[in-house]
Amino acid sequence: MRQSGDVDADTFRTRVLAVVRRIPPGRVVSYGEVAALAGRPGAARAVGNIMSGCGPGVPAHRVIAAGGRLGGYGGHEHLKRSLLMAEGVAFRGRRVDIGAHQWRARSTRKLVDG
DNA sequence: CGTGTGACTCAGT
DNA sequence: GACTGAGCCACAC
């Protein structure tokens, strides 16, 4: 019951967290994608800032930079990489094989699942 | 209410 | 592939 004291639950911040939480294991999304899914395409930068304070409960390691690059992770990129690898994400050098792991909300996954 | 900031992105060199 | 410059946005101070 959101009383007046509750967060507005309408802020971009809350939306981003909700989207990131929906990212399934073994899948990755770029900051720009998250921003777009949150309703603010182009706010990739803002997403990064929000992620920095998302706290636990949010698989921030599944959010990467564009082109499959790891991007940042509070100075722990290697940890981000490890977490993704632990989920079965394939890497191509320093980049994630987005061609096989880029998450698609409402995608045609059954078509490519084969 | 103006300014600064950064876990971003794109295009050019 | 690496570096630079410019654009963009939400949030903290």
Side-chain angles (χ1 to χ4, degrees):
Chain A
M1 306 61 155
R2 37 210 98 65
Q3 296 278 52
S4 30
D6 222 82
V7 287
D8 296 305
D10 262 18
T11 64
F12 184 66
R13 195 180 195 274
T14 305
R15 276 216 173 138
V16 169
L17 297 178
V19 172
V20 176
R21 267 197 249 165
R22 290 171 58 184
I23 305 173
R27 286 268 146 56
V28 296
V29 195
S30 65
Y31 292 92
E33 281 288 306
V34 175
L37 290 168
R40 278 294 181 272
R45 218 168 191 170
V47 171
N49 272 3
I50 292 165
M51 301 309 289
S52 73
C54 64
V58 183
H61 62 270
R62 287 181 200 146
V63 184
I64 61 174
R69 290 179 305 185
L70 270 170
Y73 199 63
H76 300 281
E77 298 180 43
H78 81 91
L79 176 59
K80 192 175 187 175
R81 190 176 53 212
S82 294
L83 288 166
L84 290 171
M85 280 177 159
E87 293 188 351
V89 176
F91 275 75
R92 191 112 153 86
R94 264 187 356 248
R95 301 211 222 153
V96 176
D97 187 347
I98 52 175
H101 296 286
Q102 185 173 147
W103 180 49
R104 304 171 161 201
R106 59 172 72 213
S107 72
T108 53
R109 47 186 168 176
K110 47 165 45 170
L111 290 175
V112 264
D113 193 43

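Just so it is clear: chains get the letters A, B, ... in the order the sequence lines come, proteins before strands, and each one is counted from 1. Just the heavy atoms: all of them, side chains too, but no hydrogens, waters or symmetry mates, feed the values below.
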Once you round it to whole Å, what is the distance between [atom2] of [N] and [atom1] of [X]?
{"X": "A:H76", "N": "B:dA7", "atom1": "NE2", "atom2": "C1'", "value": "11 Å"}
{"X": "A:F12", "N": "B:dA7", "atom1": "CZ", "atom2": "P", "value": "16 Å"}
{"X": "A:L84", "N": "B:dA7", "atom1": "CG", "atom2": "P", "value": "18 Å"}
{"X": "A:L17", "N": "C:dC11", "atom1": "CG", "atom2": "C1'", "value": "13 Å"}
{"X": "A:Y73", "N": "B:dA7", "atom1": "OH", "atom2": "P", "value": "13 Å"}
{"X": "A:I98", "N": "B:dT9", "atom1": "CD1", "atom2": "P", "value": "11 Å"}

Handout entry: Single hit among A:H101, A:R27, A:H61 for side chain to side chain contact (heavy atoms under 4.5 Å, CB included) with A:E87
Key = A:H61

Exercise for the section: Report yes if at least one side-chain N or O of A:R40 is closer than 4.0 Å to OP1 or OP2 of C:dA10; otherwise report no. Expected result: yes

Problem - Contact under 4.0 Å: A:R95 side-chain N or O vs C:dG1 OP1/OP2 - result: yes

Practice task
Have a look at A:A35 and say if it touches a base, only the backbone sugar-phosphate, or nothing, with a 4.0 Å heavy-atom cut-off.
Solution key: nothing

Fill in the blank from the handout: Comparing nearest nucleotides in DNA chain B, the 5'-proximal residue of the pair A:G32, A:V47 is A:V47

Fill in the blank from the handout: Closest non-hydrogen atoms of A:R81 and A:L70, given as atom of the first, atom of the second and distance, are CB-CD1, 3.7 Å

